Amino acid sequence: MKLRPLHDRVIVKRLENETKTASGIVIPDNAAEKPDQGEVLAVGPGRKNDKGDVIALNVAVGDRVLFGKYSGQTVKVDGEELLVMKEDDLFAVVEGVPAGLKKVA
């Protein structure tokens with residue numbers, strides 16, 4: 001199944017947190033916090049302004065983004081948990097970090 005977001009919504013896949021601290025202590029799964037970073041998998045066409053013109057989104061597929069721990073709606077697609085959220089729920093785009101790198105605790 002493939003998702004195509006509507007309007008100003010984006011599909012985000014959470015990036016996994018490190019399971020070890022810098023000093024080598026292993027963090028159990030039940031104590032780990034939800035990751036607050038993700039990779040944008042799909043973007044909608046944009047939202048309409050008062051004149052009916054479509055305003056394009058500021059994020060693109062492949063961008064690494066920051067968002068609130070409880071932002072978005074979780075959906076399961078082909079056994080994978082994804083987030084559907086509005087562009088307004090995103091805080092920032094992380095630049096200069098290659099996709100796929102994990103967050104350091």
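This one's a predicted model, so the numbers in the text were calculated from it and none came from an experiment. Start at 1 with the first residue, then count along the sequence.
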Interatomic distance, Arg9 atom CZ to Asp88 atom CG [nearest 0.5 angstrom]
10.5 Å
Is there a chain of hydrophobic side chains (I, L, V, M, F, W, Y, each step under 4.5 Å between heavy atoms) that links Ile11 to Val61?
no
What do the steps show when you test Leu83 against Gln73 for side chain to side chain contact (heavy atoms under 4.5 Å, CB included), and what is the final call?
CA-CA 5 Å; Leu83 289 169; Gln73 176 66 44; over 6 Å; no
Is there a side-chain contact between Val59 and Val43 (heavy atoms, below 4.5 Å)?
yes
Heavy-atom side-chain contact between Leu57 and Asp8 under 4.5 Å
yes
Following the transitive rule for hydrophobic clusters with a side-chain heavy-atom cut-off under 4.5 Å over Ile, Leu, Val, Met, Phe, Trp and Tyr, establish whether Leu3 and Leu41 coincide in one cluster.
yes
Would Glu80 and Lys13 pass as an ion pair if we require N to O under 4.0 Å?
yes
In Å, rounded to the nearest 0.5 Å, how long is the span from CG of Asp36 to CG of Leu66?
6.5 Å
Run the side chain to side chain contact (heavy atoms under 4.5 Å, CB included) test on Gln37 and Arg64 for me, step by step, so that the C-alpha distance in whole Å, both residues' side-chain angles and the decisive distance to 0.1 Å come before the verdict.
CA-CA 7 Å; Gln37 292 187 40; Arg64 186 170 177 178; 2.7 Å; yes
Tell me whether Asp63 contacts the main-chain N or O of Val65 through its side chain, where contact means a donor paired with an acceptor under 3.5 Å.
no
Of all the heavy-atom pairs spanning Pro45 and Pro5, show the shortest one and how long it is.
CD-O, 3.8 Å
Within the 4.5 Å heavy-atom criterion, are Glu39 and Val12 side-chain neighbours or not?
no
Inter-residue atom distance Lys48.NZ - Asp53.CG, 0.5 Å rounding:
9.5 Å
With the side chain counted from C-beta on, respond yes when Asp89 and Phe67 share a heavy-atom pair under 4.5 Å apart, and no when they do not.
no
Hey, does Glu81 have a side-chain heavy atom less than 4.5 Å from the side chain of Val75?
no
Leu90 and Val10, any side-chain heavy atoms less than 4.5 Å apart
yes
